[in-house]
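For reference, the structure is listed below as structure tokens.
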Number of protein chains: 2
Amino acid sequence: MSHTAKNLISNLSVDCVVFGFRNNRLEVLLIKRKRNPIKERWALPGGFILADETLDDAAIRILEETSNVKNIYLEQVHTFGAVNRFPARRVVTVAYFALIDPEKHSLKPGIDTTDAQWFNVTETKGMPFDHDDILNKALIQLRQSVRFKPIGFELLPIKFTLTHLQTLYESIIGMHLDKRNFRKKILKTGLLIPLEEFQKGVSHRAAQLYKFDLHKYKKLVKNDYSFQI
Amino acid sequence: MSHTAKNLISNLSVDCVVFGFRNNRLEVLLIKRKRNPIKERWALPGGFILADETLDDAAIRILEETSNVKNIYLEQVHTFGAVNRFPARRVVTVAYFALIDPEKHSLKPGIDTTDAQWFNVTETKGMPFDHDDILNKALIQLRQSVRFKPIGFELLPIKFTLTHLQTLYESIIGMHLDKRNFRKKILKTGLLIPLEEFQKGVSHRAAQLYKFDLHKYKKLVKNDYSFQI
DNA sequence: ATTTCTTAGTGTTAATTTTACAATATGGTT
DNA sequence: AACCATATTGTAAAATTAACACTAAGAAAT
């Protein structure tokens with residue numbers, strides 16, 4: 001109803017795997033639809049593409065419409081085209097992953113959704129359609145990407161401690177990292193700016209805060225330099 | 001005409017970037033269409049998806065139909081959805097890259113194509129639609145993939161010399177490699193089987209032939225081992 | 001105010017990997 | 001027999017990675 005007037009492309013959809021870092025764990029945003037075919041089941045936010053928007057634009061719009069999430073990092077993952085992945089008719093879907101800092105976005109269900117919540121990535125089995133596969137593929141790509149692009153910072157507040165950053169990397173790649181080696185390596189990239197500011201309200205020694213040097217990163221990318229964690 | 005009876009999905013296509021290694025260079029397969037909108041221009045082989053085939057199947061069929069190329073390595077690259085990428089109407093295309101050994105496939109234009117030929121990757125500028133972008137993206141992904149997956153072997157005959165293999169890697173990543181270091185590294189993967197056979201018909205010392213150990217590779221993949229060139 | 005608790009912060013050494021580099025071997029051609 | 005082209009092989013220096021444990025700071029508890 002909300003879309004039919006907008007000239008949507010009914011056999012092409014976008015599904016988004018939105019990752020967030022909460023409670024020191026990697027979590028994923030799921031929504032509940034008001035209507036069939038997946039009424040009242042948790043699923044990836046998704047929707048059909050409009051005739052006059054690009055795929056990226058569709059992903060951005062869908063995230064805003066279903067859960068009030070805006071202005072985020074987006075990366076196309078894969079296009080899923082199994083013949084019967086959608087029961088009613090043939091629908092091919094382009095999967096994206098998105099990264100946000102959950103603190104910065106208050107989830108609000110949209111016109112077509114009854115709920116939007118964060119779930120631990122390990123507790124999402126049993127989603128409708130091929131959403132389990134999509135999440136899995138997005139997770140694999142996130143693990144790849146995070147080692148070669150500084151996308152980890154998208155999941156953190158602007159100011160963060162090195163321990164935060166390390167915990168984030170650990171929760172994405174699923175391995176423990178050595179504290180001293182991690183710090184050496186991440187500082188050597190030159191992409192972190194130490195601030196004259198420290199954690200507050202903690203009952204132990206306060207850690208120094210850092211921020212990501214976006215300017216320097218853009219220069220590096222332009223000059224084809226690369227880094228690796 | 002050839003397709004309309006087959007229930008095709010008219011807003012979803014597949015385009016294929018077929019790489020081959022010929023004359024010690026990386027080349028790409030282009031075709032010429034009989035009909036508009038790109039009659040008589042060199043372009044990537046592509047076509048619409050049928051209602052009852054997956055995206056991968058569409059890519060396989062299209063390659064066979066347009067140029068008689070069968071049984072090849074395929075990898076999905078990216079889905080291109082700029083609103084006006086196709087002039088007549090909205091068409092989103094899923095791009096694949098494919099790897100073949102040109103010696104193993106004799107190119108034959110299909111029912112809808114007048115010609116199919118190999119081009120050096122640097123000589124393809126000016127293709128219709130967004131095919132230049134697609135080729136570029138495929139090339140970037142090939143360069144990534146070739147370092148982490150043993151896909152280089154897909155481009156060579158079953159039996160090859162280490163110099164062949166090195167030249168192939170060099171032409172893909174666009175850098176000169178040290179001969180001794182390359183050999184050490186590639187042999188250390190354990191994925192090459194030396195044969196008791198040598199080059200023939202060369203007017204200099206004949207090089208030993210090797211083949212790729214597919215069996216061992218499958219075991220490695222299953223056990224999550226990885227390698228890197 | 002002393003002790004306790006929790007996390008922050010830091011350097012060195014050994015092991016491994018990467019890089020740089022050149023002489024001899026083989027087989028066909030002249 | 002000399003020549004030519006490519007094949008084949010090892011070592012040492014440099015760089016990177018991996019392993020590892022103590023002191024510092026600040027709040028909370030006694």
Side-chain angles (χ1 to χ4, degrees), chain A residues 21 23-25 143 146-148 150 152 156-157 159-171 173-211 220 225-229, chain B residues 21 23-25 143 146-148 150 152 156-157 159-171 173-211 220 225-229:
Chain A
F21 188 58
N23 311 322
N24 279 345
R25 289 190 318 204
R143 286 185 181 135
V146 82
R147 302 196 51 206
F148 299 100
L156 291 177
K159 302 172 183 181
F160 50 85
T161 69
L162 295 184
T163 301
H164 279 148
L165 188 59
Q166 181 177 347
T167 312
L168 169 60
Y169 271 87
E170 288 176 337
S171 71
I173 65 180
M175 289 197 326
H176 172 75
L177 301 171
D178 179 85
K179 189 198 250 195
R180 280 174 287 191
N181 293 339
F182 177 78
R183 283 166 184 237
K184 262 180 285 181
K185 201 164 196 174
I186 201 90
L187 289 173
K188 204 172 52 151
T189 65
L191 293 173
L192 291 192
I193 302 173
L195 304 173
E196 299 301 312
E197 241 179 295
F198 292 80
Q199 268 184 317
K200 276 184 187 135
V202 288
S203 72
H204 53 77
R205 179 174 175 182
Q208 188 169 16
L209 296 174
Y210 289 78
K211 67 176 188 180
L220 287 182
Y225 289 118
S226 76
F227 75 103
Q228 188 176 340
I229 302 295
Chain B
F21 187 58
N23 311 323
N24 278 346
R25 289 191 316 205
R143 285 186 180 134
V146 82
R147 302 195 52 206
F148 299 100
L156 292 176
K159 302 171 183 181
F160 50 84
T161 69
L162 294 183
T163 301
H164 279 148
L165 188 60
Q166 181 177 348
T167 312
L168 169 60
Y169 270 87
E170 287 176 338
S171 70
I173 65 179
M175 290 198 326
H176 172 75
L177 301 172
D178 179 86
K179 192 196 250 196
R180 279 175 286 192
N181 294 339
F182 177 78
R183 284 167 183 238
K184 262 180 288 182
K185 202 164 194 174
I186 201 91
L187 289 173
K188 205 173 51 153
T189 65
L191 293 173
L192 292 191
I193 302 173
L195 304 173
E196 298 301 310
E197 241 179 297
F198 293 80
Q199 269 184 317
K200 274 180 189 142
V202 289
S203 72
H204 53 76
R205 177 173 174 182
Q208 187 168 16
L209 296 174
Y210 289 78
K211 67 176 187 179
L220 287 182
Y225 289 119
S226 76
F227 76 103
Q228 188 176 341
I229 301 296

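Sequence lines set the chain letters: A, B, ... in the order given, protein chains first and strands last, and positions in each chain run from 1. As the structure is a computational prediction, the values presented were derived from the model and not from experiment.
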Nearest whole Å is fine: how far is C:dT18 P from B:Phe182 CZ? 14 Å
Among D:dT17, D:dA7, C:dC21, which is the nearest nucleotide to the side chain of B:Arg183? D:dA7
For B:Leu195, is there any backbone N or O sitting under 3.5 Å from a side-chain donor or acceptor partner on B:Gln208? yes
Along nucleotides 21-30 of chain D, 5' to 3', which nucleotides get a B, which get an S, and which get a -, given that the test is a protein heavy-atom distance under 4.0 Å? B--BBBSS--
Check the distance between D:dT17's P and A:Ile229's CD1 and give it to me in whole angstrom. 10 Å
So, is B:Thr163 close to the D:dT6 phosphate, meaning a side-chain N or O under 4.0 Å from OP1 or OP2? no
What is the distance, to the nearest angstrom, from the CG atom on B:Asp178 to the P atom on D:dA12? 17 Å
For side chain to side chain contact (heavy atoms under 4.5 Å, CB included), just list the numbers for B:Leu192 and B:Phe160, CA-CA rounded to whole Å, side-chain angles, deciding distance to a tenth of an Å, and then say yes or no. CA-CA 10 Å; B:Leu192 292 191; B:Phe160 50 84; 3.8 Å; yes
Check: B:Lys188 side chain, C:dT16 base, donor-acceptor under 3.5 Å: no
Suppose we screen for salt bridge (charged side-chain N to carboxylate O under 4.0 Å, His left out). Which residues come up paired with A:Glu170, at least two apart in sequence or across chains? none
What is the separation between atom CG on A:Leu162 and atom P on C:dG9, rounded to the nearest whole Å? 6 Å
In whole angstrom, what separates B:Gln208's CD from D:dT9's P? 8 Å
Send over the distance from A:His164 NE2 to C:dG9 P, rounded to a whole Å. 12 Å
Whole-Å distance separating the CG atom of B:Leu187 from the P atom of D:dA7: 14 Å
Walk me through it: do B:Leu177 and B:Ile229 pass the test side chain to side chain contact (heavy atoms under 4.5 Å, CB included)? CA-CA 11 Å; B:Leu177 301 172; B:Ile229 301 296; 5.6 Å; no
Please determine, for the side chain of A:Lys184, which listed nucleotide (D:dC20, D:dG10, C:dT12) has the closest atom? C:dT12
Tell me the interatomic distance from B:Asn181, atom CG, to C:dT17, atom P, rounded to whole angstroms. 14 Å
Would you sort out whether A:Tyr210 and A:Lys159 count as a side chain to side chain contact (heavy atoms under 4.5 Å, CB included), showing the intermediate values? CA-CA 5 Å; A:Tyr210 289 78; A:Lys159 302 172 183 181; over 6 Å; no
Given side chain to side chain contact (heavy atoms under 4.5 Å, CB included), test B:Asp178 with B:Gln166 step by step and report yes or no. CA-CA 9 Å; B:Asp178 179 86; B:Gln166 181 177 348; over 6 Å; no
Measure the shortest side-chain to side-chain distance between B:His204 and B:Gln199 over non-hydrogen atoms and say whether it is less than 4.5 angstrom. yes
